[in-house]
Amino acid sequence: MSLAAAFKVKKAFGGKFLQKPRLYYSPGRINLIGEHIDYNDGFVMPAAIDKGIYYAIALNDSDDINFYSTNFDETLSIKTSGVERMDGWKNYVLGVLNEFQLLHFPVNGFNCVFGGNIPIGAGISSSAALEGGLAYGLNELNNYQLNRKELALLCQRAEHNFPRVMCGIMDQYASIMGKKDHVILLDCRSITHEYVPLHLPGYKIVLINSRVHHSLASSEYNRRRNECEEGMMIMREEMNVQSFRDVTKAEDLLTVKDKMSYEVYERCLYVVEEIKRTKDAANFLKENNLNAFGKLMFKTHEGLSNLYQVSCRELDFLVDKAAKNKNVVGARLMGGGFGGCTINVVQEGGKAEFLSKILADYKDEFNIDAEVYEVTVVDGTHEMIDVD
């Protein structure tokens, strides 16, 4: 976490409002394995990270709601009765307020300043961090008494209903439920989880932002969801299963291959294989078998690129270069695809050499300066004390 970013938010609040706020940290997230599985009733393995959003909030004894974003240098002021859809970041915070009102909680007036060090559009869930920090803070200030799981589900609904991004539960859950030095093995069907220790002695988690975002991303995301739903309907009818997770062997899909289009079959094959990989990955982490875990990361990228087809030349290039570097035990694209970041588990002693080479090669190939974020795994959304 960045105390400098937290202090900046707190100082900005003091310059705008004559109150003493409470300060909250809401993290972004990584996902080590289990990509595009949260909306397919599978298992995912996210963790909260030290890149996030800081919130300074205080009730103001009125029906005025005032926001200020330090990153965008933008304000928003509305009445508590004036919560409605808007554009950009406003939609995410207003979506949270709308969900509290739908639950018949009184949304009292408040002043709020927020900002942070989470890169926008890099695939580490700045939107979930934005939603979670506000929801958590208002829950405490107003004594709504919702638990963390309820807050995560509220934030997911907020993203569905105002920005209208039909995300799974993983991002909000990881941001709010994260635990330092642990990943979350999240069952996306039952919405239950297990914390798995993440021991990385001598290794670092490094994200490489390709700094590309292909226009296919949003439309293809929805298309993949529809293709999986189509495949699941066929599997229910022909195989008598209720979920992808009920298919224990990928070979079993061959019995319905001729009932599906080529694309739908490949999407379903990826999902079945990725659910198994994620469960296997949890066991490897429990055994401290980082090399076996890393091999599964490469397998996931192969599936995302060839079967699920959500990669792109830039991401494939970065993962291919990582796979050929002796200092990297695992790498893959992370997030929706068609741009954004790769996640890499890199030997600490060889990190500088690896990054120097891959960034230069990427620049030569695409004339793009990729960005690097080294991240650590931290606790989920929480209040910060004594930030001066």
Side-chain angles (χ1 to χ4, degrees), residues 1-28 48-83 86 88-101 103 105-118 120 125-148 150-152 154-155 158 172 175-176 178 378-388:
M1 293 181 292
S2 169
L3 288 179
F7 179 74
K8 180 180 178 180
V9 167
K10 186 175 181 181
K11 183 178 179 181
F13 188 98
K16 290 183 173 294
F17 307 110
L18 300 176
Q19 295 173 284
K20 183 178 180 180
R22 290 170 68 174
L23 192 66
Y24 300 92
Y25 174 67
S26 185
I49 58 171
D50 60 339
K51 300 283 187 291
I53 295 177
Y54 301 85
Y55 268 95
I57 313 175
L59 299 178
N60 61 22
D61 298 320
S62 75
D63 62 353
D64 295 322
I65 296 174
N66 301 301
F67 288 101
Y68 173 66
S69 164
T70 61
N71 291 98
F72 294 107
D73 190 23
E74 292 179 1
T75 60
L76 169 64
S77 294
I78 61 169
K79 297 293 186 181
T80 55
S81 59
V83 176
M86 295 187 187
W89 62 264
K90 302 176 181 68
N91 239 355
Y92 293 89
V93 294
L94 293 170
V96 170
L97 300 182
N98 180 62
E99 293 305 318
F100 279 125
Q101 290 180 334
L103 292 173
F105 286 117
V107 175
N108 303 304
F110 62 91
N111 299 319
C112 173
V113 174
F114 67 90
N117 62 346
I118 185 170
I120 306 298
S125 297
S126 56
S127 60
L130 188 57
E131 295 152 354
L134 179 61
Y136 188 92
L138 292 181
N139 185 59
E140 290 216 328
L141 288 168
N142 292 289
N143 197 29
Y144 293 149
Q145 297 186 3
L146 294 179
N147 62 36
R148 287 179 178 267
E150 290 169 330
L151 288 173
L154 181 147
C155 290
Q172 293 82 6
S175 180
I176 292 176
V378 301
D379 289 327
T381 311
H382 60 274
E383 184 171 7
M384 300 182 70
I385 309 296
D386 297 330
V387 176
D388 295 308

Criterion ring-ring contact (aromatic ring centres under 6.0 Å, His included) on Tyr144 and Phe100, from CA distance to verdict: CA-CA 9 Å; Tyr144 293 149; Phe100 279 125; 4.8 Å; yes
Nearest-0.5 Å distance that lies between atom [atom1] in [X] and atom [atom2] in [Y]:
X: Asp50; Y: Ile118; atom1: CG; atom2: CD1; result: 10.5 Å
X: Glu131; Y: Leu154; atom1: CD; atom2: CG; result: 9.5 Å
X: Ile385; Y: Arg22; atom1: CD1; atom2: CZ; result: 7.5 Å
X: Leu134; Y: Ser26; atom1: CG; atom2: OG; result: 9.5 Å
X: Asn60; Y: Asp64; atom1: CG; atom2: CG; result: 6.0 Å
X: Cys155; Y: Tyr92; atom1: SG; atom2: OH; result: 12.5 Å

Residues Ile53, Tyr55; criterion side chain to side chain contact (heavy atoms under 4.5 Å, CB included); working and verdict: CA-CA 7 Å; Ile53 295 177; Tyr55 268 95; 3.9 Å; yes
Audit row: Met384, Leu3, side chain to side chain contact (heavy atoms under 4.5 Å, CB included) steps and yes/no: CA-CA 10 Å; Met384 300 182 70; Leu3 288 179; 4.0 Å; yes
Go through the side-chain N and O atoms of [X] and [Y] and say whether any donor and acceptor fall under 3.5 Å apart.
X: Ser69; Y: Asn71; result: no
X: Asn111; Y: Gln19; result: yes
X: Thr80; Y: Asp63; result: no

Ring-face cation contact, Tyr68 with Lys16, 6.0 Å cut, 45° max: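 The answer is yes, since Lys16 meets both limits relative to Tyr68.
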Hey, does [Y] have a side-chain heavy atom less than 4.5 Å from the side chain of [X]?
X: Gln145; Y: Asn139; answer: no
X: His382; Y: Tyr24; answer: no
X: Leu97; Y: Leu138; answer: yes
X: Ser175; Y: Thr381; answer: yes
X: Asn66; Y: Thr75; answer: no

Please name the pair of heavy atoms, one in [X] and one in [Y], separated by the smallest distance, quoted to 0.1 Å.
X: Arg148; Y: Tyr136; result: NH2-OH, 3.3 Å
X: Val113; Y: Ala12; result: CG1-CB, 3.9 Å
X: Glu150; Y: Leu146; result: OE1-CA, 3.3 Å
X: Ile176; Y: Gly132; result: CD1-CA, 4.1 Å
X: Leu94; Y: Ile78; result: CD2-CD1, 3.5 Å
X: Pro21; Y: Ala58; result: CA-CB, 4.0 Å

Audit row: Ile57, Phe13, side chain to side chain contact (heavy atoms under 4.5 Å, CB included) steps and yes/no: CA-CA 8 Å; Ile57 313 175; Phe13 188 98; 5.9 Å; no
Asp61 CG: over 12 foreign heavy atoms closer than 6.0 Å: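 No, the 6.0 Å shell around CG holds no more than 12 heavy atoms from other groups.
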Stepwise side chain to side chain contact (heavy atoms under 4.5 Å, CB included) test for Phe7 and Leu23: CA-CA 10 Å; Phe7 179 74; Leu23 192 66; over 6 Å; no
Test ring pair (Phe, Tyr, Trp, His ring centres under 6.0 Å) applied to Phe114 and Trp89, Phe72, Tyr54, the passing residue: Trp89
Ring centres under 6.0 angstrom apart (Phe67, Phe110):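 Here the rings of Phe110 and Phe67 have centres that are less than 6.0 Å from each other.
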